[in-house]
*Asks:* 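Structure incoming, see below.
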Amino acid sequence: MFAKILIANRGEIAVRILRACRTLGVEAVVAYSEADRDSLAVQLADEAICIGPADAKRSYLSAPAVISAAIVTGCDAIHPGYGFLSEDEGFAEVVRAHQLTFIGPPPQVLERFASKEATRRLLGAQGLATIPGSNGMLRDDLHALEEAERIGYPVLIKPSAGGGGKGMRMVRTPRELESAVKICRSEARAAFGDDSLYLEKWLEDNRHVEVQVAVDRFGHGVHLGERDCSVQRRHQKFLEEAPTPALGEAARAELAERAIKAVVAAGYENVGTLEFLVDGSGNAYFIEINCRIQVEHPVTEMLTGIDLVVAQIRIAAGEPLGFSQADVTLRGHAIEFRINAEDVEHDFRPSTGLVERYLAPGGPGVRVDSHLFTGYEVPPFYDSLLGKLIVWGPDRPAAIARALAALDELVIDGVVTNVKIHQALLRNETFLAGQMTTNLVDRVGAGAFLAAGAR
Amino acid sequence: MFAKILIANRGEIAVRILRACRTLGVEAVVAYSEADRDSLAVQLADEAICIGPADAKRSYLSAPAVISAAIVTGCDAIHPGYGFLSEDEGFAEVVRAHQLTFIGPPPQVLERFASKEATRRLLGAQGLATIPGSNGMLRDDLHALEEAERIGYPVLIKPSAGGGGKGMRMVRTPRELESAVKICRSEARAAFGDDSLYLEKWLEDNRHVEVQVAVDRFGHGVHLGERDCSVQRRHQKFLEEAPTPALGEAARAELAERAIKAVVAAGYENVGTLEFLVDGSGNAYFIEINCRIQVEHPVTEMLTGIDLVVAQIRIAAGEPLGFSQADVTLRGHAIEFRINAEDVEHDFRPSTGLVERYLAPGGPGVRVDSHLFTGYEVPPFYDSLLGKLIVWGPDRPAAIARALAALDELVIDGVVTNVKIHQALLRNETFLAGQMTTNLVDRVGAGAFLAAGAR
Amino acid sequence: MPDRKESARLADHAQIEGLADDLLPALIAKLGASGLAELEVREGDWKVRLRRPTDGGSSTTRSATGRAAARAAQAHADHAHGDHGQVDHGGSEQAGSETATNPYRTAATSPAVGVYHPKAEVTSGSRVRAGDRIGSVDVLGIPQEVVAPVNGIVGAAMVESGDAVEYGQELVWIELIATTAERSGRDA
Amino acid sequence: MPDRKESARLADHAQIEGLADDLLPALIAKLGASGLAELEVREGDWKVRLRRPTDGGSSTTRSATGRAAARAAQAHADHAHGDHGQVDHGGSEQAGSETATNPYRTAATSPAVGVYHPKAEVTSGSRVRAGDRIGSVDVLGIPQEVVAPVNGIVGAAMVESGDAVEYGQELVWIELIATTAERSGRDA
């Protein structure tokens with residue numbers, strides 16, 4: 001096991017990683033930007049070090065700053081969390097060059113799965129169905145037009161790097177294609193420093209279902225069931241649950257088993273998530289793999305009782321997984337609500353401010369992962385995630401009942417949040433029927449959801 | 001189901017019951033004393049009503065005040081929580097006389113199990129081994145001496161009513177007996193208004209193991225496993241865990257099955273707890289039944305995923321249990337730490353004050369049931385329980401590792417707490433070996449525990 | 001908390017006056033000029049804090065949503081005034097704040113939770129002495145006496161006969177016949 | 001937050017001065033006389049709060065137990081001064097508070113996290129101009145320039161050559177050669 005881990009992230013995930021380190025009895029150093037000097041992670045940390053100014057490019061996204069901080073504090077490993085440098089194989093490579101361990105897949109594994117398009121071919125060869133897509137990256141507009149023609153409209157333009165909806169556009173006609181490609185290229189370049197794009201057939205009314213896997217250095221792999229992330233707004237997940245209401249028990253088990261078989265065969269290592277689109281008839285198409293811990297990982301922890309961040313650190317340290325597929329039991333139903341500093345009544349524009357009063361809900365089956373505290377000032381420099389409310393119940397209706405009570409109990413005075421949209425969802429018939437599709441909120445319009453929920 | 005429930009209690013359990021009502025979609029009214037006007041339960045409540053002054057005798061212990069509050073607020077049921085009026089069969093009787101439902105066993109059941117001594121005979125007849133004890137209540141000193149002689153010293157003097165260590169004394173010689181009986185009578189009279197006492201054989205180095213049961217009106221009963229409450233100071237539990245390290249899996253299952261069989265046969269109804277003393281050779285002797293929800297109920301909720309307060313309300317409303325023994329699965333290990341406003345370095349004297357800063361621990365497997373918040377003033381009028389930290393892990397070592405991290409994370413500025421004794425316990429070899437007995441802390445001395453823990 | 005010694009009081013005065021004279025102007029300048037949300041300065045054991053209005057309005061409403069807003073507000077008020085644990089004023093915030101601001105009247109409060117019945121003979125304008133029975137609160141059929149807390153004249157009623165009342169709830173105003181001594185005492 | 005208009009500033013001044021003149025004396029008397037822990041008064045959009053010292057000492061220690069106490073203290077101090085989100089001072093609390101109280105010196109701070117090496121020629125007493133290179137911080141072998149923030153004379157060093165430093169950490173004092181204008185400007 002590592003002697004000392006540098007936590008190169010912020011917000012709730014920095015606190016989450018710190019807790020995992022404490023559980024493992026490993027020392028931890030929180031690397032923070034000037035804007036996060038008063039953050040909960042820094043307050044809770046045994047040791048913390050300022051790595052740069054508020055601007056993430058000069059702090060959380062700066063490989064030299066992060067690695068230098070690890071060296072001067074005597075760390076032997078770096079946990080990147082999610083976002084920022086977490087999926088940058090170049091960073092992982094430099095980390096290793098400095099005799100430090102990147103907590104995540106080893107660089108060569110990250111490299112193998114770096115290109116989404118190559119990964120689709122790799123895992124497609126291992127028996128995972130993939131969505132009809134472009135043959136390689138789009139060389140130019142002509143190539144894009146040809147490929148779109150071949151696949152058939154509508155098509156989805158996707159960046160090879162990154163995620164989170166940036167550089168993504170759905171296009172229904174050749175006329176829209178050229179300008180959309182231009183926009184996506186610049187978005188992708190700005191967000192990920194890589195503007196290579198590819199095309200995917202667009203499935204109307206699809207569900208987003210992802211399988212959580214964990215594979216150790218010795219090729220022992222287990223799946224931890226799936227999660228349904230179909231509740232999205234502009235390609236951004238904001239509610240996740242498990243099990244997925246989209247598939248029956250047998251179909252879920254089969255999907256998860258196919259997924260773990262494929263990634264083990266393809267030589268994946270550490271925790272990861274395989275994302276699938278599921279169409280109306282229940283066909284699951286593999287779209288991409290996330291080689292990091294995900295925001296929604298607690299949903300799986302609630303069902304399995306397995307600490308995924310601890311598993312991630314253990315695997316990176318070269319330890320065996322320590323449990324087998326037979327030890328993984330999925331109990332009950334869990335739902336995660338992303339609590340964002342967003343004004344849902346004004347097009348979800350980000351909000352900031354001083355948290356004058358914070359009361360977290362609690363009780364059986366209620367978990368809150370958050371970096372909030374009374375007196376915390378939400379800085380304007382980073383994403384709007386304030387925390388996650390995760391509820392568990394023996395079944396979906398029980399989980400929903402708990403969620404309604406917990407959301408009503410949550411108090412965040414001084415900062416506008418998106419709690420209203422969650423409350424609206426929990427009263428929405430499509431959601432209650434387990435029929436959400438990834439395009440639904442955008443098609444209906446968030447406003448309509450809120451209005452219906454208010455009724 | 002009930003239309004509206006009056007919560008006739010305070011502190012963390014009032015909040016816990018409020019959450020259960022919210023989950024059930026039942027309206028709730030929080031009855032509070034003047035000293036609790038700013039309490040979390042009152043702040044979270046949809047409706048709250050002041051029933052009297054700080055003095056519990058004129059508020060939380062006043063049957064007329066509680067029942068009148070229920071009537072004027074239009075409630076059809078009263079939840080007494082634990083302590084206060086929760087085991088007063090007279091109160092339950094008056095509640096029914098006013099066409100209200102007492103959430104707990106029906107009055108006639110409470111009455112049947114009111115006398116500990118009678119209950120031992122009743123359940124002894126149903127096949128539960130009981131500790132050799134006096135033949136009925138102690139009539140006078142002569143009778144006490146005869147019975148003690150017959151049972152054999154050392155003996156434990158116990159009050160027929162109440163609990164919590166009041167009116168209890170262990171006696172090793174006839175010489176001590178008379179004065180001890182006198183003290184116990186006055187203590188019992190003061191605490192429970194009933195000074196009848198009985199004798200029990202004192203078992204050296206015993207363990208306190210209790211079985212949680214739930215029985216509906218139709219005689220369907222299940223057990224939810226056992227809890228170990230051997231960590232006590234002056235007969236007061238302050239740490240509880242499950243499963244008990246004292247017994248193997250087979251012995252635990254057998255004890256729980258015998259317990260549920262006996263109480264169902266004896267006509268018990270609603271949730272309840274059968275307390276046993278387990279001697280060095282693993283023999284379990286039934287000592288008493290608690291006809292209420294208990295402080296340590298979350299330990300069982302963590303293992304089973306079953307909401308015991310919801311079950312209690314459903315059963316009181318005449319609903320069937322809704323699950324069978326086969327649906328009760330016990331997963332992993334859970335430990336509850338009672339966080340008390342006590343100064344462990346000054347003989348655990350109660351402390352009060354303004355909570356200037358409150359940060360609750362969190363993350364996977366961590367639950368905090370508490371009524372604290374930043375800015376809360378701990379009143380001096382009631383018991384010292386500030387809340388409960390409950391941790392869960394796949395096994396006991398994992399739970400202990402999480403507990404250490406969580407206790408270190410807990411911040412309660414402005415009020416002295418007993419956190420240190422918990423941290424000392426988690427470093428104590430006897431505890432780590434699962435060898436705690438009910439007399440150990442008192443025999444070794446809390447001071448010695450703290451000193452050892454500090455090392 | 002126990003009342004504190006005169007000497008300590010004077011020390012407090014000196015310190016706080018010091019704060020007011022020396023530090024406040026600096027604070028004012030700094031806060032006025034900057035975009036800060038709040039400023040606090042320590043002087044010895046004391047602090048002075050200035051806070052720029054933050055848009056807590058909507059959120060406060062949020063925090064009270066679906067709850068007893070008045071009650072939440074009451075709780076807030078208690079906090080704002082820092083008299084934690086001091087609960088000798090009952091009833092709704094409105095009434096509570098009235099007593100706070102009007103020293104020439106005081107309220108008769110309910111001795112229990114139940115149903116209020118004023119005494120027929122006691123009406124607005126009647127003169128009462130401290131301890132006089134002016135009504136009762138019915139608790140499960142047993143009447144509990146409501147008495148005048150002070151000498152005075154019965155004023156406006158805050159609840160009607162037959163209303164459900166909680167313990168300590170303000171029922172009816174008693175207008176004081178105040179002496180100068182009493183007044184200055186209250187204003188101190 | 002953006003800088004605010006002059007008119008708004010003046011309004012703020014007026015309101016706060018109002019608070020100071022009218023309300024503070026009353027506050028002082030009330031708090032001095034009572035046993036309250038704290039008092040707060042609102043005037044228009046503004047609040048003034050006085051808080052009696054509470055025995056947070058031991059508990060603060062508790063909250064910092066097994067953690068970077070200095071850092072926690074730093075975080076606290078930031079809160080106490082209410083400059084939420086304002087993070088333009090780095091380094092240890094000790095140094096931070098010094099700058100706050102001594103307007104005639106300012107510190108050169110680290111441009112990055114790494115290992116500090118002062119420039120050999122620049123020693124205590126050397127005269128420097130704002131922008132002069134006075135040392136470097138080594139980040140993975142690449143030196144980052146440390147420059148003098150103001151014209152002045154190099155004073156006491158806060159870290160030694162070869163020490164690990166964090167971003168924004170105060171490295172060495174630069175004693176100001178202050179003009180009256182500068183001074184009054186600072187004192188305003």
Side-chain angles (χ1 to χ4, degrees), chain B residues 6 8 18 22 27-55 58-60 62-75 94-95 97-98 100 352-356 373-381 414, chain C residues 1-2 47 60-93 95-96 109-117 136-144 159-171:
Chain B
L6 186 87
L18 183 60
R22 292 253 170 90
E27 278 187 78
V29 180
V30 170
Y32 65 95
S33 81
E34 275 186 325
D36 288 328
R37 186 180 297 280
D38 295 345
S39 69
L40 184 60
V42 172
Q43 287 184 50
L44 294 180
D46 305 288
E47 191 178 348
I49 183 165
C50 184
I51 58 170
D55 178 5
R58 294 181 55 203
S59 49
Y60 300 112
S62 164
V66 167
I67 295 167
S68 181
I71 290 167
V72 300
T73 53
C75 292
V94 184
V95 169
H98 284 85
L100 303 170
T352 62
L354 172 66
V355 177
E356 291 160 352
F373 56 88
T374 297
Y376 175 64
E377 176 87 22
V378 177
F381 310 106
Chain C
M1 274 176 268
K47 289 191 202 164
T60 307
T61 324
R62 158 76 189 87
S63 78
T65 298
R67 306 199 178 108
R71 220 165 277 286
Q74 175 66 57
H76 276 196
D78 292 352
H79 280 298
H81 300 110
D83 54 348
H84 302 286
Q86 180 186 324
V87 289
D88 54 7
H89 55 69
S92 72
E93 172 169 49
T109 59
S110 171
V113 53
V115 179
Y116 173 60
H117 299 293
S136 66
V137 170
D138 193 283
V139 180
L140 307 183
I142 298 129
Q144 311 280 319
V159 297
E160 312 242 308
S161 181
D163 282 358
V165 295
E166 66 180 352
Y167 175 86
Q169 184 169 339
E170 296 180 327
L171 305 171

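Chain A is the first sequence line, chain B the second, and so forth, proteins listed ahead of strands; every chain is numbered from 1.
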*Asks:* Among B/Val66, B/Leu6, B/Ile67, find the one that has a side chain to side chain contact (heavy atoms under 4.5 Å, CB included) with B/Val95.
*Replies:* B/Ile67
*Asks:* Might you work through the side-chain contact (heavy atoms from CB on, under 4.5 Å) test for C/Tyr167 and C/Ser110, ending with a clear yes or no?
*Replies:* CA-CA 5 Å; C/Tyr167 175 86; C/Ser110 171; 5.7 Å; no
*Asks:* Test side-chain contact (heavy atoms from CB on, under 4.5 Å) on B/Val72 and C/Val165 and set out the steps.
*Replies:* CA-CA 8 Å; B/Val72 300; C/Val165 295; over 6 Å; no
*Asks:* Below 4.5 Å from any heavy atom of chain C, which atoms of B/Pro64 appear? Answer side chain, backbone, both or neither.
*Replies:* both
*Asks:* Side chain, backbone, both or neither: which part of B/Pro53 has an atom under 4.5 Å from a heavy atom of chain C?
*Replies:* both
*Asks:* Under a 4.5 Å heavy-atom cutoff, which of C/Val139, C/Asp138, C/Val115 has the most pairs with chain B?
*Replies:* C/Val139
*Asks:* Stepwise, does the side-chain contact (heavy atoms from CB on, under 4.5 Å) test hold for C/Tyr116 with C/Leu171?
*Replies:* CA-CA 8 Å; C/Tyr116 173 60; C/Leu171 305 171; 3.8 Å; yes
*Asks:* Count the heavy-atom pairs under 4.5 Å between each of B/Ala31, B/Ala65, B/Gly52 and chain C, then report the option with the highest count.
*Replies:* B/Gly52
